[in-house]
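I have placed the structure first, in the form of structure tokens, so that the comments after it can refer back to it.
All chains are named by letter (A, B, ...) in the order of the sequence lines, taking the proteins before the strands, and each is independently numbered beginning at 1. Since the model is a prediction, treat every value here as computed from it, not as a measurement.
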Amino acid sequence: MAEPADGADDLLATRRRKLEALRASGVDPFPHEFDGVEPIEAVRAAHSGLAAGDETSVGHRVAGRLAARRGQGKMAFLDLVDRSGRLQLQARVDELGVDGMDRLLGLDLGDLIGVDGVAFMSRRGELSLRVQGFVLLAKSLRPPPEKHHGLTDVETRFRRRELDLMANQEARELFILRARVISAVRGFLDAEGFIEVETPVLQPLYGGAAARPFTTHHNALDREFYLRIATELYLKRLIVGGLERVYELGKDFRNEGVDSTHNPEFTMLEWYEAYADYLDVAERCERLVSTVASSIGYSGEFDLSPPWRRETLPEAIRTRTGIDIMEMHDRDSLAGAMSARGLSVPKDEGWPKLVDELVSKHVEPTLLEPTFLMDYPVELSPFAKRHRSVPGLVERFEAYVGGMEIANAFTELNDPDEQRRRFEEQRALAGAGDVEAQPYDEAFVEALEQGMPPTGGIGIGIDRLVMVLTGRRSIREVVLFPAMRD
RNA sequence: GCCGCCGUAGCUCAGUUGGCAGAGCAGCGGACUUUUAAUCCGAGGGUCGCAGGUUCGAAUCCUGCCGGCGGCACCA
């Protein structure tokens with residue numbers, strides 16, 4: 001409430017005052033449109049051959065946010081930023097008049113403006129527009145982040161992503177690249193005969209992954225629903241229905257911990273393909289990732305081109321720890337072998353969890369180059385088909401890059417009676433307190449009883465794929481608005 | 001959940017042994033017709049995350065809480 005004058009008022013009040021002054025002088029600070037805008041990138045492309053000092057008579061209309069200002073008085077330079085880049089504007093009093101000059105220089109950094117100007121190459125060799133006319137497109141009532149250091153505070157960058165995007169070009173580029181990844185994924189699958197489908201996010205019963213769900217309530221039906229943890233079971237029902245090749249790209253929700261590779265809601269791609277097995281799926285997976293990578297110009301630390309390394313899970317555990325899980329099929333002998341080698345043994349956990357421990361502690365961190373880890377114990381995989389030649393295993397792989405799981409796939413179990421038995425086993429685990437055990441899904445089993453062709457299916461974590469393709473180490477860097485505490 | 005580090009102006013950051021709260025950018029007033037983080041002059045701007053405690057005196061030391069990051073645990 002302090003009175004204006006000089007610096008006694010705060011930054012917001014100053015901007016509000018300017019807003020009111022504009023209105024008082026008949027300027028609409030929030031006009032409705034600005035037609036015919038050219039992306040800054042296109043303006044640059046049109047003048048790539050100019051040399052320092054060259055003038056043109058080519059006019060351009062651009063629009064964006066005012067990002068910097070140099071100079072005052074009779075001539076000044078300003079920087080305008082749009083999605084595609086940054087362009088210097090030159091403001092001259094002999095072009096704009098004293099009044100126009102004052103109005104242009106009276107704008108605040110952060111204001112959105114539209115500009116008509118003529119291209120020229122400055123003495124220092126920077127492409128610029130000599131401003132002939134401009135219009136305020138939206139007044140900014142809050143100060144933008146600092147113009148040199150940008151916005152670096154991690155918490156602010158995530159909570160107020162709009163500030164990150166306006167201040168940091170890398171942030172803009174990253175999310176544009178993410179969009180291109182998703183577009184390339186669709187293009188790849190569409191071209192290979194898959195159709196994109198949408199299945200329920202709100203589900204009466206959840207399933208398809210080992211995870212705890214979020215619950216919500218439907219008022220009119222007066223019943224609980226779950227937010228899906230996977231799309232798997234519905235998609236397989238579409239395979240039963242004869243759609244043959246389907247994929248879904250969308251959010252899954254898992255009510256579990258948050259860390260650098262887990263966000264409670266995340267983007268998952270799943271596809272299912274009739275008459276295929278997990279080897280076919282692996283081949284398509286490595287081809288998809290490699291194709292998407294080259295379509296976005298990936299040049300990171302990994303060689304993503306096919307074929308990826310393949311290693312069986314029992315073999316991977318044996319070479320890392322010397323333990324042969326195929327020879328130790330009861331909990332006690334495996335636990336004994338682990339403690340004999342000085343490895344920590346999770347208490348009160350059964351054989352499957354011990355295997356899981358060995359894989360996540362001793363195998364996964366070593367899988368840096370793209371690798372398919374193949375053939376998992378049946379106990380860990382309630383929806384995967386038994387291995388055609390190795391008892392106790394299923395035809396399943398997880399794909400790893402940089403020590404991080406990016407995909408999980410199997411030859412789908414299509415024997416309804418065995419699926420029923422697997423659900424019974426899950427029910428027993430749930431009874432023993434496993435909060436992630438699969439709930440029994442009778443509708444799914446009945447669908448399998450209609451007859452499902454041999455099918456291969458996969459889930460690929462899109463956020464993690466984007467992490468790999470952009471070299472980011474935290475999932476929060478590739479999700480626009482990651483989950484944060486209040 | 002446990003451990004460690006961090007939280008100071010709109011933004012980026014200093015702040016010594018516990019002794020008046022600092023700089024740059026941004027903003028405000030002014031000068032400047034080819035700047036590139038423009039420069040120069042002037043005057044402003046603070047819930048030092050929050051709440052307690054110790055002390056003559058706390059941004060600084062102690063406790064608790066909130067938030068962030070990292071690690072562990074959990075988690076396909």
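- Checked against B:U35, B:U34, B:G27, the side chain of A:Ser122 finds its nearest nucleotide in B:U35.
- Under a 4.0 Å N-O distance rule, the pair A:Arg83/A:Glu41 does not qualify as a salt bridge.
- A gap of 36 Å separates the C1' atoms of B:G29 and B:G19, to the nearest Å.
- Residue contacts for A:Gly459: at a heavy-atom cut-off of 4.0 Å it reaches no nucleic acid atom on any strand shown.
- Using a 4.0 Å heavy-atom cutoff across all strands shown, A:Arg159 reaches sugar-phosphate atoms only and no base atom.
- Counting to the nearest Å, the P atom of B:C5 and the CG atom of A:Asp153 are 19 Å from each other.
- In this structure, CD of A:Glu155 is placed 19 Å from P of B:C5, rounded to the nearest angstrom.
- When each of B:C69, B:U33, B:G10 is scored by its nearest atom to the side-chain atoms of A:Pro143, the top-ranked nucleotide is B:G10.
- Under the Watson-Crick and G-U wobble criteria, each requiring two contacts below 3.5 Å, nucleotide B:A23 is paired to B:U12.
- Between A:Glu20 and A:Arg17, none of the side-chain N atoms (NZ, or NE/NH1/NH2) sits under 4.0 Å from a carboxylate O, so this pair counts as no salt bridge.
- Remark: A:Glu357 does not engage A:Lys353 in a salt bridge, criterion side-chain N to carboxylate O under 4.0 Å.
- Protein atom NE2 of A:His262 is 16 Å distant from nucleotide atom P of B:C69, rounded to whole Å.
- Between A:Arg124 and B:U34 there is no side-chain polar atom (N or O) within less than 4.0 angstrom of OP1 or OP2.
- Taking for each of A:Thr156 and A:Arg69 the nucleotide of RNA chain B with the nearest heavy atom, the 5'-most of the two is the partner of A:Thr156.
- For A:Lys361, no side-chain nitrogen or oxygen approaches OP1 or OP2 of B:C72 to under 4.0 Å.
- Evaluation of atom-type donor-acceptor distances gives a pair under 3.5 Å for the side chain of A:Arg92 against the base of B:U34.
- With P as the reference atom, B:U39 and B:G53 are 48 Å apart, rounded to whole Å.
- Summarising the local packing, CZ of A:Arg159 is surrounded by more than 12 heavy atoms from other residues, nucleotides or ligands at distances under 6.0 Å.
- Between B:A37 and A:Lys147, no contact under 4.0 Å exists linking OP1 or OP2 to a side-chain N or O.
- With P as the reference atom, B:U16 and B:A59 are 12 Å apart, rounded to whole Å.
- Within the nucleic acid shown, A:Glu146 comes within 4.0 Å of at least one base atom, counting heavy atoms only.
- Between B:U35 and A:Arg70, no contact under 4.0 Å exists linking OP1 or OP2 to a side-chain N or O.
- Applying the 4.0 Å criterion to OP1 and OP2 of B:C28, one finds that A:Arg17 has every side-chain N and O outside that range.
- Here the separation of B:C5 from B:C28, taken at their C1' atoms, is 38 Å to the nearest Å.
- In terms of modelled atom types and a separation under 3.5 Å, the side chain of A:Glu369 and the main chain of A:Phe302 share no donor-acceptor contact.
- Rounded to whole Å, the separation between the C1' atoms of B:A21 and B:G57 comes to 15 Å.
- Taking side-chain N and O atoms only, A:Thr152 has a distance below 4.0 Å to OP1 or OP2 of B:C13.
- Within the 4.0 angstrom heavy-atom criterion, no nucleotide atom of any strand lies near A:Asp79.
- Partner assigned to B:G7 is B:C66, using Watson-Crick or G-U wobble distances below 3.5 angstrom.
- Comparing the same atom, P, in B:A9 and in B:A51 gives a spacing of 16 Å after rounding to whole Å.
- Summarising the geometry, the separation between CG on A:Asp259 and C1' on B:A73 is reported as 11 Å, rounded to the nearest angstrom.
- Between A:Arg15 atom CZ and B:A26 atom P the separation is 12 Å, expressed in whole Å.
- Atom CG in A:Leu89 sits about 14 Å away from atom C1' in B:U34, given to the nearest Å.
- Applying the Watson-Crick and G-U wobble criteria (two distances, each under 3.5 Å), B:C61 pairs with B:G53.
- Atom CD in A:Gln88 sits about 10 Å away from atom P in B:A37, given to the nearest Å.
- When distances are taken from the side chain of A:His148 to each of B:U34, B:C25, B:C11, the shortest belongs to B:C25.
- For the pair A:Arg69 (side chain) and A:Leu105 (backbone), a donor-acceptor distance under 3.5 Å is present.
- Atom CD of A:Glu126 and atom P of B:U36 are 11 Å apart (whole Å).
- Nucleotide B:G1 forms a Watson-Crick or G-U wobble pair with B:C72, both donor-acceptor distances falling under 3.5 Å.
- Looking at the side chain of A:Leu151, the nearest of the listed nucleotides B:U34, B:A26, B:U12 is B:U12.
- At the phosphate of B:G70, OP1 or OP2 sits under 4.0 Å from a side-chain N or O atom of A:Arg476.
- Between the P atoms of B:G18 and B:C61, the separation comes to 8 Å (whole Å).
- Of the candidate nucleotides B:C75, B:C69, B:G10, B:G10 has the atom nearest to the side chain of A:Leu11.
- Across B:G30 and B:G70, the matching P atoms stand 47 Å from one another, rounded to whole Å.
- Classification of the A:Phe423-A:Tyr440 ring pair by plane angle, with boundaries at 30° and 60°, yields tilted.
- Between the base of B:U35 and the side chain of A:Gln90 there is no donor-acceptor pair shorter than 3.5 Å.
- Of the two residues near RNA chain B, A:Ser474 and A:Leu109, the one whose nearest nucleotide lies more 5' is A:Leu109.
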Test side-chain contact (heavy atoms from CB on, under 4.5 Å) on A:Val292 and A:Leu304; report intermediate values, then the result. CA-CA 10 Å; A:Val292 169; A:Leu304 299 172; over 6 Å; no
